[in-house]
Student: 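This is the structure I want to talk about, given as structure tokens.
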Amino acid sequence: MNLNKRITFILNNEKISAEVAPNLVALDYLRQNRSLTGSKEGCKEGDCGACSVILGEHVGDGLRYKAVTSCLLPMGELHGKHLVSIEGINLDDLSPIQSAMVDCGGTQCGYCTPGFIVAMTAGLMDESIPLDDSGVDYAISGNLCRCTGYRSIKTAGRTAIKELKSFIVDRPRIDALCESGVLPIYFRDIPSRLSAIPAAQIDSNFKAPFIAGGTDLFVQKGEELPKQRASLLNMTPVNPIRNENSYVFIDAREPFESFGRNPIIKKYIPSISDYNDAIASWPIRERATLGGNICNASPIADMTTLLLAMNSEILISGPNSEHWLPLSKFYLGYKMLAKTPEERVLSIRFPEPEKGTFINWEKVSKRRVLDIATVNSAARLREENGLIASATLTLGGVAATPLVLSDASKKLIGLPLTVEAIKPVIDSAQSEFDPISDVRGDETYKRLLARQLLWVHFQMMMHEKIDEGAFDEALR
Ligand SMILES: Cc1cc2nc3c(=O)[nH]c(=O)nc-3n(C[C@H](O)[C@H](O)[C@H](O)COP(=O)(O)OP(=O)(O)OC[C@H]3O[C@@H](n4cnc5c(N)ncnc54)[C@H](O)[C@@H]3O)c2cc1C
Ligand code: FES
Ligand code: FES
């Protein structure tokens, strides 16, 4: 069975038109088919960043570049895009980032170094990432090093930014980076060269299994997928988030990163960027979609706990019909979904939050970044005249599926916003879930975390009105 498809894209400075297996990951293509071995294979699970590449794609009228992990990036997605490996940013001399890595002692065995250089360069290419120390941390959040220690790597990034900042701030970023020797000058012509590639024929005949961002699937089935037929869903949605009829509609293919940067989402979920900081790493968030998070059905799926609290519904589409379903009714048991394998989730919608609504999301994990939750939780609470007018509390990591605490949410309605009124509800919420002990924590620990995270929502909501001591007392 020949699964190959012809795709045309630009690899570094070269236009490629090739027949490839759509589910072959870019890392294997670069190393095996092109002998470009600068991108390293570390974990092949999106965890180490040694394979980092930069992906450029048209978004609206412009070309946007981002860091992604090539070990989870299917080749079938690259048609009409610019794939940049470490070889594509090498110049005759060292770039300011490469020089800073040498000068600051940011490399020892060197295995992780191309990944760090690629991530730092991509960070400079993304105008939303600040040109300061925090921007360096953001850009390299998906990169691990087992020898050097992060201090010298961060110092290298910070030194390079200090040197470059005055030169690139307030200027078209790619031009400025070409002039300052961070990028080769061929980058300037990439937009017109990409525009000359005819659009791919849209294959609307979607057949299961579906691959969205691939950040779960390639980790689970990385060896088998290149030999299998599957439908790639992640074709850069147009106008992915919109308001309509008092709802916020989101294309299910929307990745976490652009969800978190979207002005509509920021308006209703003001701390969304902080939440994103605790979810995976920048390169993974650029690929991980909301639809994939929902359909992977992990009990600790971070965005799913938030979307459940937002009272979301999902649009399920099959070969012959479409219907909306409350997300809370989607999970029938561990990894069991209220849809057939042929059905896709097309869209997510939640009611626009009314005035007085407070939204909060919390996560406890072993590491601050690049880690999955031990327990996570979200709340959507609305206050009217000092009373709770509506409430949805959710928890992840304490049952076989992400969970809405239906009883506790109902019991909260009509209660005054006081520690004394809320305490019995949070205490009784313990009967709504049944955590199992696993490597992330035993049952007792998870119950304790769940209780504390539920309290944190109220603490955040009421912090100006309530004495901290009252919460400390309640948490005992
Ligand atoms: C290093 C790393 C760190 C991670 N950290 C986190 C974390 O902190 N928090 C977290 O929640 N997750 C985390 N994840 C897991 C993963 O990134 C998310 O679950 C992500 O949302 C999956 O989305 P995807 O688009 O990549 O899904 P895919 O891998 O493409 O798909 C996952 C499943 O959903 C199905 N699917 C996808 N989209 C649809 C659709 N529209 N309709 C029907 N079925 C569909 C696929 O067929 C597959 O079964 C991490 C993953 C990695 C590799
Ligand atoms: S090889 Fe580790 S993230 Fe790709
Ligand atoms: S220098 Fe050896 S892994 Fe980073």
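Quick note: numbers below take in every heavy atom, side chains included, and nothing from hydrogens, waters or symmetry partners. Every number for a ligand or one of its atoms is a count from 1 in the order of the listing. Computed from a prediction, not measured in an experiment: that's the story for all the values here.
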Student: Between ligand 1 and Met303, is the shortest N or O to N or O distance under 3.5 Å?
Tutor: no
Student: When only distance counts, is Asp371 in polar contact with ligand 1, meaning an N/O pair under 3.5 Å?
Tutor: yes
Student: Please identify which atoms of ligand 3 are closer than 4.0 Å to at least one heavy atom of Cys112.
Tutor: 1 (S), 3 (S), 4 (Fe)
Student: Just going by heavy-atom distances, which of Asn296, Ile284, Asn376, Ile348 is nearest to atom 33 (C) of ligand 1?
Tutor: Asn296
Student: Does the structure place the NZ or CZ of Arg285 under 6.0 Å from the centre of the six-membered ring of Tyr275, at an angle of no more than 45° from the ring's axis?
Tutor: no
Student: Quick one: nearest non-hydrogen protein atom to atom 7 (C) of ligand 1, plus distance?
Tutor: Asp302 OD2, 3.4 Å
Student: Can Glu352 and Lys267 be said to form a salt bridge (Lys or Arg N to Asp or Glu O under 4.0 Å), step by step?
Tutor: CA-CA 10 Å; Glu352 289 170 357; Lys267 177 178 162 199; over 6 Å; no
Student: Quick test: of every protein heavy atom, which one is nearest to atom 26 (O) of ligand 1, and how far off is it to 0.1 Å?
Tutor: Thr215 OG1, 2.5 Å
Student: Which heavy-atom pair separates Ser85 from Leu36 by the least distance, and what is that distance?
Tutor: OG-CD1, 4.2 Å
Student: Shortest non-hydrogen contact from Gly441 to Lys446?
Tutor: O-CE, 3.3 Å
Student: Once you restrict to heavy atoms under 4.0 Å, what part of Phe218 touches ligand 1? Side chain, backbone, both or neither.
Tutor: neither
Student: Under 4.5 Å between any side-chain heavy atoms of Thr305 and Leu395, yes or no?
Tutor: no
Student: Could you tell me if the side chain of Ile7 sits less than 4.5 Å from the side chain of Lys81, heavy atoms only?
Tutor: no
Student: Taking C-beta and beyond as the side chain, do Phe116 and Thr107 meet within less than 4.5 Å on heavy atoms?
Tutor: no
Student: Quick check: does Gly214 get an N/O under 3.5 Å from an N/O on ligand 1?
Tutor: yes
Student: Should the proximity of Ala212 to ligand 1, defined as any heavy atom under 4.0 Å, be assigned to the side chain, the backbone, both, or neither?
Tutor: both
Student: Do Arg440 side-chain atoms and Ile372 backbone N/O form a donor-acceptor pair below 3.5 Å?
Tutor: yes
Student: State, with a plain yes or no, whether a side-chain heavy atom of Ser70 is found less than 4.5 Å away from one of Cys51.
Tutor: yes
Student: Please state whether the separation between atom 2 (Fe) of ligand 3 and some N/O/S atom of Cys145 is under 2.8 Å?
Tutor: no
Student: Flag the pair Ile16 / Leu83 as yes when at least one side-chain heavy-atom distance between them is below 4.5 Å, and no otherwise.
Tutor: no
Student: Counting only N and O atoms by type, is there a donor-acceptor contact under 3.5 Å from the side chain of Asn360 to the main-chain atoms of Ala379?
Tutor: no
Student: Any atoms of ligand 1 less than 4.0 Å from a non-hydrogen atom of Ile279? List them with their elements.
Tutor: 7 (C), 8 (O), 9 (N)
Student: Using a strict 4.0 Å cut-off to heavy atoms of Asp216, name the atoms of ligand 1 that fall inside it.
Tutor: 15 (C), 16 (C), 18 (C), 19 (O), 20 (C), 22 (C), 26 (O), 29 (O), 32 (C)
Student: Out of all atoms in ligand 3, which are within 4.0 Å of some heavy atom of Gly110? Include the element for each.
Tutor: 1 (S), 2 (Fe)
Student: Looking at atom 2 (Fe) of ligand 3, what's its closest protein heavy atom, distance included?
Tutor: Cys147 SG, 2.2 Å
Student: At a non-hydrogen distance cut-off of under 4.0 Å, which region of Thr304 contacts ligand 1 (side chain, backbone, both, or neither)?
Tutor: neither
Student: Using a 3.5 Å cut-off on N or O atoms only, is Val219 in polar contact with ligand 1?
Tutor: no
Student: Does any N or O of ligand 1 fall below 3.5 Å from an N or O anywhere on Val345, backbone included?
Tutor: yes
Student: Please assess Lys66 against Asp126 for the test salt bridge (Lys or Arg N to Asp or Glu O under 4.0 Å), listing each intermediate value before the final yes or no.
Tutor: CA-CA 7 Å; Lys66 57 194 179 188; Asp126 185 333; over 6 Å; no
Student: Would you mind checking which non-hydrogen protein atom is closest to atom 3 (S) of ligand 3, with the distance to 0.1 Å?
Tutor: Arg146 N, 3.3 Å
Student: Indicate yes or no: does an N/O atom of Asn293 lie under 3.5 Å from an N/O atom of ligand 1?
Tutor: yes
Student: Can you tell me which residue and heavy atom of the protein come closest to atom 44 (N) of ligand 1, and the distance to 0.1 Å?
Tutor: Cys295 SG, 3.4 Å
Student: For ligand 1, which atoms sit closer than 4.0 Å to a heavy atom of Gly46?
Tutor: 1 (C)
Student: So which protein heavy atom does atom 13 (C) of ligand 1 come closest to, and at what separation?
Tutor: Ile372 CG2, 4.5 Å
Student: Check ligand 1 against Glu45 and write out every atom of the ligand that is under 4.0 Å from a heavy-atom position of the residue.
Tutor: 1 (C), 53 (C)
Student: Is the Trp324 ring parallel, tilted or perpendicular to the Phe249 ring (thresholds 30°, 60°)?
Tutor: perpendicular
Student: I'd like to check Asn4 versus Val20 (side-chain heavy atoms, cut-off strictly below 4.5 Å). Are they in contact?
Tutor: no
Student: Under the 4.0 Å line, does any protein heavy atom show up next to atom 38 (N) of ligand 1?
Tutor: yes
Student: State, yes or no, whether a side-chain contact exists between Lys266 and Ser273 at a heavy-atom distance under 4.5 Å.
Tutor: yes
Student: With rounding to the nearest 0.5 Å, note down the distance linking CE in Met125 to CD1 in Ile89.
Tutor: 8.0 Å
Student: Considering the heavy atoms of Thr148, write down every atom of ligand 3 situated less than 4.0 Å from one of them.
Tutor: 1 (S)
Student: So is there a nitrogen or oxygen of Lys339 less than 3.5 Å from a nitrogen or oxygen in ligand 1?
Tutor: no
Student: Can you sort out which atoms of ligand 1 are near Gly213, meaning under 4.0 Å from one of its heavy atoms?
Tutor: 24 (P), 25 (O), 26 (O), 30 (O)
Student: Does Lys363 approach ligand 1 within less than 4.0 angstrom via side chain, backbone, both or neither, non-hydrogen atoms only?
Tutor: side chain
Student: Return a yes/no value for Ala280: is any of its N or O atoms, backbone included, closer than 3.5 angstrom to an N or O of ligand 1?
Tutor: yes
Student: Using 2.8 Å as the cut-off, note every protein N, O or S atom close to atom 2 (Fe) of ligand 2.
Tutor: Cys43 SG, Cys48 SG
Student: Taking both backbone and side-chain atoms of Ala288, is any N or O found less than 3.5 Å from an N or O belonging to ligand 1?
Tutor: no
Student: Counting both backbone and side chain atoms, is some N or O of Arg344 under 3.5 Å from an N or O of ligand 1?
Tutor: no
Student: May I ask you to test the Glu41-Cys71 pair for a side-chain heavy-atom distance under 4.5 Å?
Tutor: no
Student: Answer with side chain, backbone, both or neither: which part of Arg253 has a heavy atom less than 4.0 angstrom from an atom of ligand 1?
Tutor: neither
Student: Return the closest protein heavy atom for atom 31 (O) of ligand 1 as residue, atom name and distance.
Tutor: Leu217 CG, 3.9 Å
